[in-house]
**Student:** 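Sharing a structure here in structure tokens format.
Residue numbering restarts at 1 for every chain, and letters A, B, ... go by the order of the sequence lines. Predicted model, so just to flag it, every value in this text is computed and none were measured. Atom set for the values below is all heavy atoms of this structure, side chains included, hydrogens, waters and symmetry mates excluded.
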Protein chains: 2
Amino acid sequence: MNTAYHHGDLRRALIDAAVEAIGETGTGALSLRAVAKRAGVSHAAPAHHFGDKAGLLTAVAAEGFDRFADALEGVWEATGDFAEVGVAYVRFAIDNRAHFEVMFRPELTHQDDPELRRAAARSGAVLDRGADRTDTEGDALGYRPAALAAWSLVHGFAELAIAGNFSPEVMADPEAALREIARKLRFD
Amino acid sequence: MNTAYHHGDLRRALIDAAVEAIGETGTGALSLRAVAKRAGVSHAAPAHHFGDKAGLLTAVAAEGFDRFADALEGVWEATGDFAEVGVAYVRFAIDNRAHFEVMFRPELTHQDDPELRRAAARSGAVLDRGADRTDTEGDALGYRPAALAAWSLVHGFAELAIAGNFSPEVMADPEAALREIARKLRFD
DNA sequence: TCCATAACTTGACAGTGTCAAGTTCTAGTC
DNA sequence: GACTAGAACTTGACACTGTCAAGTTATGGA
């Protein structure tokens, strides 16, 4: 089966190879040809499955959003604690840097791709659902300040952690630090 | 003076051209040769001043951190209100997307560049100074939860706003939204 | 006036994404 | 079981990229 043609599931293999490569060298240094080589196929094989480079990254982002939604949903259903959803948010970001990086960098992907939109919407829904309970005000504003605050806090923590802006003390146990921080957020 | 050689202040012109180009197409699509063309010089001229592409972006980041520190310091000295420093943080991010993007993407720059380190340290100092007042706990932890919370909240808001993740209602007046959100943060 | 050196150019190289055209396999029909 | 349409992949080419080595031109000080 491992003949030259018909890899079996090249699409999957290419996504995995891309995630691997991004994990090692970041999105900036990502090369489609290197991804192809990693998967053992010719340099133009990715284009056949994904159209172009952004297409491949779009698939990575969509997969990321789906796994992200799974993780958040799981924690929300298990604990019913929105703060724990926040912890899961940063845990996902740190454990899946490659996916996370692509998910929140719109210029890398085809933002209008239906698969991507669907997966991203799933993630958004989980966050909204959790936030609804605590948010009583804000209908006049057109947005929910408490939800925005929680999202910003958690997302900022994740980005700063990933970018290496935090001290070793914080990075020694990021989840503990986030729990400490989340206590500063009061909804009344 | 505007002869082929000795542009006058090509270094400046190249930084400006880079910021312009990033503002139009993002860091991903930034081309050193396009920057050179924009400044009216040969394709290898940037390398002479900055060594390589990361060198140019390092200069952009350093300039960004200096202006950032100026802006934050100005607001802090004028108002003494740390929440207003936060507003200035996101205003800078939105008004200077190109600089901001490069400042917080370490893989784009030479992280060990002394100029960059100095400028980044300046920004850090302003944020620390403002946070000190409100932060009484945390010495045992090795970090200050209140300061971390404020930084995460503000940085996350800025990143999400820039990446286009917020609704039109929020983006209609981001500063108002941030002020609303910041009220959720209580230090006691 | 001379000349060391800074400022920039020219030309080349390997690597990149993308496209068009070719090849090889698979699956379904007769 | 042979035939064929189309999917899966390769090959080769193109323009563009960052970087380097070598060349050219200007400047400022002795």
**Student:** Touch check for B:L30, heavy atoms < 4.0 angstrom, all strands: base, sugar-phosphate only, or nothing?
**Tutor:** sugar-phosphate

**Student:** If you check every side-chain atom of B:L32, which of C:dT9, D:dA8, D:dG18 has the closest atom?
**Tutor:** D:dG18

**Student:** Select one nucleotide: of D:dT10, D:dG18, D:dC9, the one nearest the side-chain heavy atoms of A:S42.
**Tutor:**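 Of all the options, the side chain of A:S42 is nearest to D:dT10.
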
**Student:** Using atom CG of A:D9 as one end and atom P of D:dC9 as the other, report the distance to the nearest whole Å.
**Tutor:**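 It works out to 9 Å between those atoms.
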
**Student:** How do B:A45 and A:K53 order along DNA chain C: which one's closest nucleotide is nearer the 5' end?
**Tutor:**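 Its nearest nucleotide being more 5', the pick is B:A45.
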
**Student:** Rounded to the nearest Å, what distance is computed from the CG atom of residue A:L56 to the C1' atom of nucleotide C:dT16?
**Tutor:** 15 Å

**Student:** May I ask you to say whether B:E159 pairs ionically with A:R105, meaning some side-chain N is under 4.0 Å from a carboxylate O?
**Tutor:**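 So B:E159 does not pair with A:R105 through a salt bridge.
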
**Student:** Rounded to whole Å, how long is the line connecting atom CZ of A:F50 with atom P of C:dG17?
**Tutor:**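 Computing the A:F50:CZ to C:dG17:P distance gives 14 Å.
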
**Student:** Testing the basics here: between A:F65 and A:S123, what is the closest heavy-atom pair and its distance to 0.1 Å?
**Tutor:**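 Heavy atoms of A:F65 and A:S123 come nearest at O-OG, 3.0 Å.
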
**Student:** Quick one: B:R33 CZ to C:dG11 C1', roughly how many Å, whole number?
**Tutor:** 10 Å

**Student:** Any salt bridge linking A:R122 with A:D70? Criterion: basic side-chain nitrogen under 4.0 Å from a carboxylate oxygen.
**Tutor:**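 Yes, charged N to carboxylate O under 4.0 Å.
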
**Student:** Does D:dT17 have OP1 or OP2 under 4.0 Å away from a side-chain N or O of B:S31?
**Tutor:** yes

**Student:** Compare every heavy atom of A:L30 with every heavy atom of A:K53, then report the nearest pair and how far apart it is.
**Tutor:**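 That closest heavy-atom pairing would be NZ-O, 2.9 Å.
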
**Student:** Does A:H49 place a side-chain N or O at less than 4.0 Å from the phosphate oxygens OP1/OP2 of D:dC9?
**Tutor:** yes

**Student:** Write down the distance between NE2 (B:H48) and C1' (D:dA21), rounded to a whole number of angstrom.
**Tutor:** 14 Å

**Student:** NE2 of A:H110 versus P of C:dT18: gap in Å, rounded?
**Tutor:** 8 Å

**Student:** Take the protein atom CG of A:L14 and the nucleotide atom P of D:dA8, then report the distance between them rounded to whole Å.
**Tutor:**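 Answer to the nearest Å: 12 Å.
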
**Student:** Thinking salt bridges, do B:R12 and B:D16 make one under a 4.0 Å N-O criterion?
**Tutor:**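 Yes, charged N to carboxylate O under 4.0 Å.
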
**Student:** Quickly work out the B:K37 NZ to D:dG18 P distance and round it to whole Å.
**Tutor:**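 Atom NZ in B:K37 sits about 12 Å away from atom P in D:dG18.
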
**Student:** Could you check whether A:A44 gets within reach of a base, just the sugar-phosphate, or nothing at all, counting any heavy atom under 4.0 Å?
**Tutor:** base

**Student:** Considering only D:dG12, C:dG11, C:dC8, which nucleotide approaches the side chain of A:H43 most closely?
**Tutor:** D:dG12

